[in-house]
Each structure stands twice: as C-alpha cells, then as structure tokens.
Amino acid sequence: MHLADPQHGFLGTSGIVGQAIPQATGAAYAAQIRGEGDVVLCFFGDGASKQGAFHESLNIASLWKLPIVFVMENNSFSGSTRTEQEDANAAAGEPLATKAKAYSMPGVTIDGGDPLLVQEHVATAVARARAGEGPTLVETLVYRLSAHGNTIAPPGVALTYPEHEAVRVFGAVEEYEAALRGDPIPRARARFVADGLLTAEYATTIATEATAEMDRAEADALAAPEPAPRDALRFVEA
Ligand SMILES: Cc1ncc(C[n+]2csc(CCOP(=O)(O)OP(=O)(O)O)c2C)c(N)n1
C-alpha cells in the first residue's frame, strides 16, 4: 500500500479501495494525447469493482478508446466478504468480467494462476489498446491464500487475522486447504520444469535469490532510523 515508482512508470497504489482506477484512466488519457504508444495496466481487486469510480472509468475509457487494460484480480474475497455476497454478477453465477459488456469493451475471465495464459490475454489486450481500439477488462481468478491484512506484519507484531477468512468466518477448511494445494507458484514451477522451459536448478536459484533479496529489504528497513516527526507532513498536499 502507498507505494510508487514514477520513474519506472509505476504511478502508485492506495489504501482507498478503487482509487487508482480513475487515476490510471487519466494516465491513459495523457498517454493517448502524447501518442508515444504507451499503454496503462491498471490492477485492482474484485471488491474495487463495486466502486462508482470503476464504472465511470470504464465508461470514459471505452468512449474515448483510451490505451488501458483493466486487470481485475478476483481472489474470491473482499476483506471478510465472499464475492458472491457483494457482487451481483457473482450472485447470479456469472463471471465478473460480464461488467465489460455494459461498457462495450471485451471482457475475459481466465485462470490468474497460469502465468502464460495471463501473458497471452494481457498481450492481446495491450496490442488492442496500442492500436487505438480501446480498453479490455481481464478478470484473473486467483484464490487469496493469506488472510486479509496478514502479509505485512513486521517481526514481533501479532498478525491481525491469524486465520484465513474461509476458515475463520465460513468454516470452509476443505476449500481453503484445496486452494493451498493449488498454490500457483509451485504449480507454475512444476509445469515450466516439466515442459523444459526451466531447469529445476535454475528454478531453485530464482527462489533463493528472491528470498535473499526480500531478507535484505526487510533487514534494511528494520535497521533504518525512525523518521523525524516533521517528515509526516512531507508530500501531504491537502
Ligand atoms: C473506499 C474504501 N472502502 C473500504 C475500505 C476497507 N477495505 C480495505 S481492503 C477492502 C477489501 C478490498 O477487496 P478487493 O478490492 O477485492 O481487494 P483484495 O484486498 O481482495 O485484493 C476493504 C473493503 C477501503 N480501504 N477503502
């Protein structure tokens, strides 16, 4: 949350659910005016698609044929709420990508745990956007394996929700355990090794290097001095 790296084209994230969708749409409008072939990728959750700003953004993006791909990560939960409890399409047994029809743009629902499939569909959407044909809504299905808000507790701080909502709220132990068994990372690794795209040794090297990088980042953050109280007001515009 609250991360940004504008130099690398990453304009930012926010704790306000759905807030980045109109900002990304504005960035796509800027890209269209500049005419340099840039395409915006906008990521958000299934819950965010219930925000009015989502609908306003899809409407104007389709109307003005803006170069943007809306990537909705449907992880089956919005906080402690199941998707079918908060989404009319899900409650009717339809995919959430159905929402694309209302704004006359292509909408696809795919296995978000299959990186090659995601790459294929997003590349098609990017090519369409770059050709001036407008946006696409890509719904990627990937079950959330961690409890909401669990992943960012530093050492020594208790996890807010030690147990996943599927278990804690709905008592769906089997569902959650099946999701754990379908973890996309080992699934992709096994497939890439079986298909000869990756050797087992190189897959292990990637994992080891990624873990070491994360460990370094954590150690650096914990060793960094506390910010001065006046820094709390830096970059605060309102
Ligand atoms: C405008 C707004 N309303 C409510 C919240 C509280 N909230 C934080 S996360 C969350 C659920 C978001 O669900 P989803 O968009 O599916 O994203 P996920 O966390 O599942 O990736 C909610 C309701 C918020 N941060 N912002």
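Just so we're clear, the structure is a prediction, and the values are computed from it rather than from any experiment. Note: hydrogens, waters and symmetry copies are ignored here, and every other heavy atom, side chains too, is used. Counting starts at 1 for both ligands and their atoms, following the listed order.
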Taking distance alone, with N or O pairs closer than 3.5 Å, would you say [X] contacts ligand 1?
X: Arg144; result: no
X: Ile16; result: no
X: Gln51; result: no
X: Gly47; result: yes

request  = Using the rule that two of Ile, Leu, Val, Met, Phe, Trp, Tyr join whenever any of their side-chain heavy atoms come within less than 4.5 Å, decide whether Leu41 and Ile21 are in one cluster.
outcome  =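 The answer is no; the residues belong to distinct hydrophobic clusters.
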task = Group every Ile, Leu, Val, Met, Phe, Trp and Tyr by side-chain heavy-atom contacts under 4.5 Å, then state whether Met72 and Met105 land in the same group.
result =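 Yes, because Met72 and Met105 connect within a single hydrophobic cluster, where side-chain heavy atoms sit under 4.5 Å apart.
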May I ask you to list the atoms of ligand 1 that are less than 4.0 angstrom from any heavy atom of [X]?
X: Phe77; answer: 16 (O), 20 (O)
X: Asp46; answer: 16 (O)
X: Gly79; answer: 11 (C)

ask   = In terms of heavy-atom contacts, does CZ of Phe10 have more than 12 from other residues, nucleotides or ligands at under 6.0 Å?
value =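 Count over threshold, so yes.
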query = Only one of Ile110, Thr109, Asn75 clears side-chain contact (heavy atoms from CB on, under 4.5 Å) with Leu141; which?
reply =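 Among Ile110, Thr109, Asn75, the one that satisfies the side-chain contact (heavy atoms from CB on, under 4.5 Å) with Leu141 is Thr109.
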Any protein heavy atom at under 4.0 Å, with [atom] as the reference point?
atom: atom 11 (C) of ligand 1; value: yes
atom: atom 6 (C) of ligand 1; value: no
atom: atom 3 (N) of ligand 1; value: no

query = What residue among Thr98, Asn74, Asn89 forms side chain to side chain donor-acceptor pair (under 3.5 Å) with Glu139?
reply = Asn74
Quick test: of every protein heavy atom, which one is nearest to [atom], and how far off is it to 0.1 Å?
atom: atom 26 (N) of ligand 1; answer: Val17 N, 3.1 Å
atom: atom 15 (O) of ligand 1; answer: Ala48 N, 2.9 Å
atom: atom 17 (O) of ligand 1; answer: Gly45 CA, 3.8 Å

inquiry  = Check for me whether His148 has a heavy atom closer than 4.0 Å to any atom of ligand 1.
reply    = yes
task = Under the salt bridge (charged side-chain N to carboxylate O under 4.0 Å, His left out) rule, collect the residues that match up with Arg187, sequence neighbours excluded.
result =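 Arg187: salt bridge (charged side-chain N to carboxylate O under 4.0 Å, His left out) contacts with Asp111.
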inquiry  = Test of understanding: given a 4.0 Å heavy-atom threshold, classify the contact between Phe44 and ligand 1 as side chain, backbone, both, or neither.
reply    = neither
ask   = For ligand 1, is any non-hydrogen atom under 4.0 Å from Asn75's backbone (N, CA, C, O), its side chain (CB onward), both, or neither?
value =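 For Asn75, the contact with ligand 1 is made by the side chain alone.
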inquiry  = Within the 3.5 Å criterion, strictly below it, is a donor on Arg189 or Thr204 matched to an acceptor on the partner's side chain?
reply    = yes
query = Any donor-acceptor pair under 3.5 Å linking the side chain of Glu56 with the backbone of Pro22?
reply = no
ask   = Relative to each other, are the rings of Tyr143 and Tyr176 parallel, tilted or perpendicular (30° and 60° limits)?
value =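 Tilted.
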ask   = Would you call the rings of Phe77 and Phe170 parallel, tilted or perpendicular if under 30° counts as parallel and over 60° as perpendicular?
value =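 Ring orientation of Phe77 relative to Phe170: tilted.
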request  = Could you name the option among Ser76, Gly15, Gly18, Ser78 that has the heavy atom nearest to atom 13 (O) of ligand 1?
outcome  = Ser78
inquiry  = Distance check, rounded to the nearest 0.5 Å: Trp64 atom CH2 versus Gln32 atom CD?
reply    = 8.5 Å
